[in-house]
Amino acid sequence: MCPPMLGEIKQQIAQIVTREHSAEAAGELSFRPVPATATGDIAIPVFGVARKAGIDPKTLASSLAGHIRALPGVAEVLAAGPYVNLSFDRAVFARRFIADVAAGEATALKPSGSRVLIEHTSINPNASPHVGRGRNAIIGDTIARLHRFLGHHTEVHYYVNDIGKQIALLVYACRGHEDLQFNDLLDQYVAISQQAKDDPAVEQIAFDLLNQFEQGDAAVRDEFRRVVDLCVNGQVSILGRLGITYDIFDRESNFLDDPRLQPVIEKLIDQGALITDEHGRQVIDLLQLGFTREEGRYVVLSRANGTSMYVARDLAYTIHKSEISAAANLSVLGEDHRLYQEQLDLILRWCGFATPDVIYYSFVLLKQGKMSTRQGNVVLLSDFIDLARDNAAARIRDANPGLSDDEIRELADTVAAGAVRYGILSVSPTKNVIFDLEESLRFEGNTGPYLQYSCTRIASILAKHGGAVPAVPASVPELNASEWALIMAMTRLQDEVRTAASSRNPSSLCAYGFELARAFNRFYHDSDVLDAPAAERAMRLNICAATGTVLSACLDVLGMQVPRRM
RNA sequence: GCGCGUGUAGCUCAGUGGAUAGAGCACCCGCCUCCUAAGCGGGGGGUCGCAGGUUCAACUCCUGCCACGCGCACCA
């Protein structure tokens, strides 16, 4: 739940409602921030409770306020119409919260024992990824981090599409270029795709290669493997610059002729849903499984030439994932996969298998329109990171004249990664985004570097202080508005992570991180730390240390690192 | 055509049925002899795509329309 102090008070309020009304009424309790027009630290709208209790909301609010007033740690309670607004005893609350943070109670949760499986990225191994592909990886990696924060054992899978027509074409294109580097592959891929479009003979070569692969030709398999590995290693190393990592790489070719597909095929045949058409293709007719539309009714399992389609392997792979997953089975897919996934889900559910919960994300568009690899109007993720790094390096050099080039480069990498991740994460996945390079390279205001900058300010104060942070004074000095607002902001981290995880949308956590950093910067502006009188100085050093802990935990969940200096 | 997604300030975006819809950027005005100005404070700027409906209460839920995006059998 929330940090202990806050959690205890909420729990006691729930007990009061249960005692005075019913457990059912207590279930309607909710807590929200108090709007700027009212005073207090937490607001309780009582509409739901009042409905269950059969009492007028205003009457309920004032009676509830009377009971809450007696709770320890609560300083003031006001019934404002149908709302109850309460204020905490700041000194008691602050002392307790700071102790909780130091004990690790306000940041990452203890192991839950649940297991979470998430598949993300899974880009075709054909070229350097553009920023749209990066969106998948960044969202997936962050959702994995959200679950790890919540204490779940989280396993990240990357499905490597190492077989298929596109890959066969690329393998063919790479023949005779044994010294090919990762960065050359994009050009090769674009060229061969065009050739295959113009010349059926080229396409036929790809199909022949596929056939040989599926028949188990060892030399062909080695050839595919070399090209695919070159690709995947290149892609993963670019994604690694953003702190993205994977636990397991599942190769699509391992799911060729998977025996687990047999029962599915048999069930489909029994249902009359699997037909072999006049061209010799194996086609599933989803209408036989309850599908209601004409569009997307048919799913082709294998080509007339006998080679299997992606969906055949994917059915087996999805069955595999459902067998090894426990509490949650997640996957991140582009919105163009929506119908495809609906088809897959229908088939598998009809056969009694669990299907993954999918997080869809929309495409990244350019001002000029869609990104298209073939037309060359793409922004490559690696180029984008490079620009962000150069931008950051220039500013770090200005602000820190004594640093070596190596140090600057390392710091700039951290800031660039933070800027890129935050820029993508702060927008809801379902939203189409228009990528504006200039806008994305901005480091002021609501951006990743703003959050990182706040951390370096904290680190700088603690470094100048030197040594251990003193104990919280026996008599806590009165807290000013920005000190208190900062402490209240800090208490929200765990709830914010939980919300982001359950909605599968990290953007709200970005907003929280920004609010927390802003609360710190207001505190920083309003209150001297090192030059303050002893008691205030001790208190503020503790507030700084706690903010450092909470804010960096938040950044960690977002996959951002804290630079030592900026 | 059918299905799914998205329309909130000039621009980019938050907003989980509840109090007067919020940020950032841009624009205007202030603040560095002071712990990092990638900062802080203030100002102007909104028929929440349009029209109905449900509700004590709708940006939020429902219906219709419009605009944009994505998809609709041998790509993955």
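Predicted, not measured: the structure shown is a model, and the values here were computed from it. The sequence lines fix the lettering, A, B, ..., with proteins before strands; numbering per chain opens at 1.
- If you check every strand for non-hydrogen atoms under 4.0 Å, A/Val433 touches sugar and phosphate atoms only.
- Counting non-hydrogen atoms under 4.0 angstrom, A/Thr430 reaches the backbone sugars and phosphates but no base.
- A/Phe514 comes within 4.0 angstrom of sugar-phosphate atoms only, judged by non-hydrogen atoms across all strands, and of no base.
- Counting to the nearest Å, the C1' atom of B/C11 and the CD atom of A/Glu439 are 7 Å from each other.
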For nucleotides 40-42 of chain B, list the nitrogen or oxygen atoms of the protein found under 3.5 Å from its nitrogen or oxygen atoms, one pair per line.
{"residue": "B/C40", "atom": "OP1", "partner": "A/Tyr450", "partner atom": "OH", "Å": "2.5"}
{"residue": "B/C40", "atom": "O2'", "partner": "A/His525", "partner atom": "ND1", "Å": "3.0"}
{"residue": "B/G41", "atom": "OP1", "partner": "A/Arg522", "partner atom": "NE", "Å": "2.3"}
{"residue": "B/G41", "atom": "OP1", "partner": "A/Arg522", "partner atom": "NH2", "Å": "3.3"}

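- Following rounding to the nearest Å, A/Phe224 (CZ) and B/A76 (P) show an atom-to-atom distance of 11 Å.
- Contact annotation for A/Ser308: no contact, since no heavy-atom pair falls under 4.0 Å across all strands.
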Subject >> Protein-to-nucleotide contact annotation, 5' to 3' order, nucleotides 57-73 of chain B [B base; S sugar-phosphate only; - none; under 4.0 Å, heavy atom] >> reply: ------------BSSBB

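- Nucleotides B/U20 and B/C29, compared at atom P, are 34 Å apart to the nearest Å.
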Between the protein and nucleotides 7-9 of chain B, which nitrogen or oxygen pairs are less than 3.5 angstrom apart?
{"residue": "B/G7", "atom": "OP1", "partner": "A/Lys431", "partner atom": "NZ", "Å": "3.1"}

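- To the nearest 0.5 Å, the span separating CG on A/Leu486 from CG on A/Asn480 amounts to 10.0 Å.
- Annotation: B/C25 and B/U63 have their P atoms spaced 39 Å apart (nearest Å).
- The CZ atom of A/Phe435 sits 15 Å away from the C1' atom of B/C13 (whole-angstrom rounding).
- Near-neighbour residues of RNA chain B inside residues 407-421 of chain A, defined by a heavy atom below 4.0 Å, number-ordered: A/Val415.
- Rounding to the nearest 0.5 angstrom, the gap separating the CZ atom in A/Phe435 from the OG atom in A/Ser440 is 4.0 Å.
- Classification of B/C32 as syn follows from a glycosidic angle within 90° of 0.
- We find that A/Asp398 and A/Arg395 are not joined by a salt bridge, their nearest charged nitrogen and carboxylate oxygen being 4.0 Å or further apart.
- Straight-line distance between the P atoms of B/G22 and B/A9: roughly 14 Å, to the nearest whole Å.
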Subject >> Intermediate values then yes/no, ring pair (Phe, Tyr, Trp, His ring centres under 6.0 Å), A/His120 and A/Tyr158 >> reply: CA-CA 6 Å; A/His120 67 78; A/Tyr158 186 128; 7.8 Å; no

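- In this structure, OH of A/Tyr422 is placed 9 Å from C1' of B/A23, rounded to the nearest angstrom.
- Aromatic ring pairs are classed by plane angle as parallel below 30°, tilted from 30° to 60° and perpendicular above 60°; the pair A/His320 and A/Tyr317 is parallel.
- Partners of A/Ser308 according to the side chain to side chain donor-acceptor pair (under 3.5 Å) rule, which considers only residues two or more places apart in sequence or in another chain, are A/Glu214, A/Arg313.
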Listed pairs under 3.5 Å, donor-acceptor, residues 288-296 of chain A side chains, sequence neighbours left out:
{"residue": "A/Gln288", "atom": "NE2", "partner": "A/Asp285", "partner atom": "OD2", "Å": "3.4"}
{"residue": "A/Arg293", "atom": "NH2", "partner": "A/Glu342", "partner atom": "OE1", "Å": "3.3"}
{"residue": "A/Arg293", "atom": "NH2", "partner": "A/Glu342", "partner atom": "OE2", "Å": "2.8"}
{"residue": "A/Glu294", "atom": "OE1", "partner": "A/Arg297", "partner atom": "NH1", "Å": "3.4"}
{"residue": "A/Glu294", "atom": "OE2", "partner": "A/Arg297", "partner atom": "NH1", "Å": "3.4"}

**OP:** Both distances under 3.5 Å, Watson-Crick or G-U wobble: on that basis, could you give the dot-bracket string for RNA chain B, with [ ] for crossing pairs and | for other-strand partners?
**Re:** (((((((..((((....[...)))).(((((.......))))).....(((((..]....))))))))))))....

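- Contacts between residues 40-47 of chain A and RNA chain B, defined by a heavy-atom separation under 4.0 Å, are made by A/Ala43, A/Phe47.
- Within a 6.0 Å sphere centred on CD of A/Glu438, heavy atoms belonging to other residues, nucleotides or ligands number 12 at most.
- Enclosure of atom CZ in A/Arg409 is not indicated, since only 12 or fewer non-hydrogen atoms of other residues, nucleotides or ligands lie within 6.0 angstrom.
- Residue contacts shown for A/Glu342 are absent, as no nucleic acid heavy atom lies under 4.0 Å away.
- For the atom pair CG of A/Asn85 and CG of A/Leu78, the computed distance is 6.5 Å after rounding to the nearest 0.5 Å.
- For the pair A/Phe443 CZ and B/C25 P, the computed distance is 14 Å after rounding to whole Å.
- A/Ile434 comes within 4.0 angstrom of the backbone, heavy atoms only, and of no base.
- Between B/U6 and B/C13, the distance separating the two P atoms is 14 Å to the nearest Å.
- Closest contact between the side chain of A/Asn446 and the listed nucleotides B/G15, B/G24, B/A19 involves B/G24.
- Rounded to a whole angstrom, the distance from the C1' atom of B/G49 to that of B/C68 is 11 Å.
- Look at OH on A/Tyr524: it is 15 Å from P on B/C32, rounded to the nearest Å.
- With no hydrogens or angles considered, no side-chain donor-acceptor pair links A/Thr447 and A/Glu444 at under 3.5 Å.
- Distance check: A/Met566 CE to A/Ser454 OG gives 8.5 Å after rounding to the nearest 0.5 Å.
- Heavy atoms of other residues, nucleotides or ligands lying less than 6.0 angstrom from CZ of A/Arg564 number 12 at most.
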Anything under 3.5 Å between a donor and an acceptor, one on a side chain of residues 358-365 of chain A, the other on a protein residue two or more places apart or in another chain? List them.
{"residue": "A/Ser362", "atom": "OG", "partner": "A/Glu335", "partner atom": "OE1", "Å": "3.4"}
{"residue": "A/Ser362", "atom": "OG", "partner": "A/Thr430", "partner atom": "O", "Å": "2.7"}

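- Across all strands shown, A/Ala304 has heavy atoms under 4.0 Å from base atoms, whether or not it also approaches the sugar-phosphate.
- Residues satisfying the side chain to side chain donor-acceptor pair (under 3.5 Å) criterion with A/Glu496, sequence neighbours excluded, are A/Arg492.
- Of the P atoms belonging to B/U60 and B/U8, the separation is 14 Å, rounded to the nearest Å.
- Side-chain contact check for A/Asn521 and A/Tyr453: no donor-acceptor pair (N or O, by modelled atom type) lies under 3.5 Å.
- Residues that satisfy the side chain to side chain donor-acceptor pair (under 3.5 Å) test with A/Thr307, not counting sequence neighbours, are A/Arg303, A/Asn305.
- The environment of A/Glu28 atom CD is dense: over 12 non-hydrogen atoms of other residues, nucleotides or ligands sit within 6.0 angstrom.
- Across all strands shown, A/Ser122 has no heavy atoms under 4.0 Å from either base or sugar-phosphate atoms.
- A/Asn126 comes within 4.0 angstrom of nothing in the nucleic acid, heavy atoms only.
- B/C65 and B/G5 have their P atoms separated by 16 Å, given to the nearest Å.
- Under the 6.0 Å cut-off for aromatic ring centres, A/Tyr450 and A/Phe443 do not qualify, their centroids lying 6.0 Å or more apart.
- Spacing between B/A14 and B/G53 at atom P, rounded to whole Å, works out to 30 Å.
- For residues 34-55 of chain A, the set of pairs meeting the ring-ring contact (aromatic ring centres under 6.0 Å, His included) definition, not counting sequence neighbours, comprises A/Phe47-A/Tyr83.
- How far CG of A/Leu169 is from CD of A/Gln194: 12.0 Å, rounded to the nearest 0.5 Å.
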